[in-house]
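Accompanying notes for the structure given below.
Residue numbering restarts at 1 for every chain, and letters A, B, ... go by the order of the sequence lines.
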Amino acid sequence: MAQITITLPDGAQRSYEAGITGGEVAADISKSLGKAALACTINGEFRDLSRPIEADADLAIHTIKDEAQALELIRHDAAHIMARAVQEIWPDVKVTIGPVIANGWYYDFDREEPFTPDDLAQIEKRMRDIIAARDPVRTEVWSRADAIAHYEAADEPFKVALVNRIPEGEDIRMYWHGDWQDLCRGPHLVHTGQVPADAFKLTRVSGAYWEGDAKNKQLQRIYGVAFRNRQELKDYLHMVEEAEKRDHRRLAKEMDLFHLQEEAPGMVFWHPNGWTVYRALEDYMRRRQIEDGYREIRTPQVVDRKLWEASGHWDKYRENMFITEIDEEHANEKRTNALKPMNCPCHVQVYNQGLKSYRDLPLRLAEFGSCHRYEASGAMHGLMRVRGFVQDDAHIFCTQEQIEAECAKFIQLLSRVYKDLGFDSFKIMFSTRPEKRIGTDAEWDITEGALEAAIKSIGMDYEVDPGEGAFYGPKLDFKLTDAIGREWQCGTFQVDSQLPDRLEAEYVGEDGEKHRPFMLHRAVLGSFERFLGILIENYAGKLPFWLAPRQVVVASIVSDADEYVTEVVENLRAQGIRAEADTRNEKINYKVREHSLGKVPVILAIGRQEVENKTVSMRRLGEKQSSVLPTGEVVAALKGEATPPDLV
RNA sequence: GCUGCCGUGGCUCAGGGGUAGAGCACCCCCUUGGUAAGGGGGAGGUCGAGAGUUCGAAUCUCUCCGGCAGCACCA
């Protein structure tokens, strides 16, 4: 038998007979490692411990201490154990796929009856039985024909489809524990007892389409989460709770920002507090854009279908549009209008008024454009996905040569804005021509080429997202990362030669001839509604001072202080600070609690001493301590803090 | 839109075939109290809408509307 050399991560080398397995090496190194081993990495490939090693190799043995590998294995095996539990309880349920996802896994089943919460409890219990049985995991490589024959005999049509999809040359691998068997790439644990019985939880059920396609059959998906030990599971569940606390829908109630109601699904009723934040953000954006050479315009919201037919929206986008008709009884003319879902066609109308010269380009037309889109009922979500919203939209009409400079200028604006709003990093995605598109390949070559040249010249990293462009042109999408690591796609920059063509935009060039301009669609925030949702969640409601709806509450401790409280509020307001008095007949504890829950950044408490000394007792949100300071000093300091970042 | 769950006073929620309950908020009274809920009293709901079953429906059934979670969608 040939001898091979196994090199361990610390550089140590050991000699074994060819065909030895990772598990045997682990046991040979030490008895305890043999027991603790979960899986291994052979020459960089994540493998079962039972995989024979036929030639010299680098080998790493993984135990529960290797977090990434251990979690992958635990979650993956938990998925299999769950599928087995389900089939043991309901033998007629068909299995499909069960991948590992963030924090856990899911498995899709084909079953007529949906799973109920009681079912979940029953499945969990059966899973613990399987774990307690410590069934060894065994694997074999099968031929495609055998695998298909097996799954046809077992009446598992989805597995047949999966086997057929495995590329030629790749192993078709079967796994067993107990009598249960599944098709899987692996690797898996050594036995089912290595999944911690007290560190997983089935979290929810939902429908999910086979192959993610709404045209296909809907399956029943069960989600689970799994960790290495009970504490990690507890920590995770705690984190989920914390994330729920920063849900903008919940905070909106606590802070009295806005509400939604049945009569206008997906349309926001902004309350005074929420609208104050909205306006602070809008005013800021307006200043930033004007500073950057944009001209602001305003275009109609209800527009005849003729324009949408010309732009292509009637054809490509109608199912997402609100269509309006005038009541026949009263109308003496009959026309069909649509609420605008986008601003671009209207902006071209503004551009088209009067003959444009190359000297007018680039022309940057901005609009905080109110748009309406008929979103699927299940898509709506607080402020994040609404049917009526306002974009910080603008269209730049320019020549091909100007695209690069405009792109650079836009990214500079976007970086500045994100930074001002508390987001330090963002990712750029470059989306190229999609399957369904208008325009010729030659036109796409031009727009894609121009956009990629622009992003390259800026020298920032970007990822390519093939086929994800808009139907009229390629785009850059900008994804920012929030305080708890979630990514949000907000900004966009799109190159379009189609719409200027369809709506016949033109300019007179140096040569005296008429030319088509390019049109750059761009937004920094995306929609104000959504961006405010992101801001609220990012700051967990504790908005920066300049954005806070109520910046200061001045509260009296005794009613003798009421008069001075009013005076201080007037002083603050004179400096443009959003201040309110709280002279209610309540104790200071009560007032502090209420305004803290309302996320007011600064509370100024005033008692007899403060009145006497012309001071205030200042307490900042989140701090336990308060400090007594001269009123004038506090007003001046807060005035500084209230200044928006672009005016500092 | 699809699957599941949910819809009770302003908010959070309990109840559940015999015509409604709590806490908080609100109003009134007492209390003037130093940094996250002082005390007492009062008012407030045809239980999402419509239809059906029943002697009787908020409670059971169906349809619709809305919400939540996920899926699909997000040019």
Sugar-phosphate, base or nothing in reach of [X], heavy atoms under 4.0 Å:
X: A:Leu597; answer: base
X: A:Ala470; answer: sugar-phosphate
X: A:Lys253; answer: sugar-phosphate
X: A:Lys591; answer: nothing
X: A:Arg437; answer: nothing
X: A:Gln609; answer: base

Next item on the list: Using the closest heavy atom to pick a nucleotide of RNA chain B for each, name whichever of A:Arg373 or A:Ser596 lands nearer the 5' end.
Entry: A:Ser596
Checklist line | Summary of protein contacts for nucleotides 63-69 of chain B, nucleotide by nucleotide, where a base hit scores B, a sugar-phosphate-only hit scores S (4.0 Å, heavy atoms) | finding: --SSSSS
Notebook entry, point to check: Is there a donor N/O on one and an acceptor N/O on the other, under 3.5 Å, for the side chain of A:Tyr209 and the base of B:G70?
Noted result: no
Notebook entry, point to check: Would you call the rings of A:Tyr351 and A:Phe397 parallel, tilted or perpendicular, where under 30° means parallel and over 60° means perpendicular?
Noted result: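 Aromatic pair A:Tyr351/A:Phe397 classed parallel.
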Notebook entry, point to check: With a cut-off of under 6.0 Å to the ring centre and 45° to the axis, is A:Arg221 in cation-pi contact with A:Tyr106?
Noted result: yes
Margin query: Could you tell me if A:Lys591 and A:Ser556 have a donor-acceptor pair between their side chains, going purely by distance under 3.5 Å?
Written below: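 A:Ser556 vs A:Lys591: donor-acceptor pair found between side chains.
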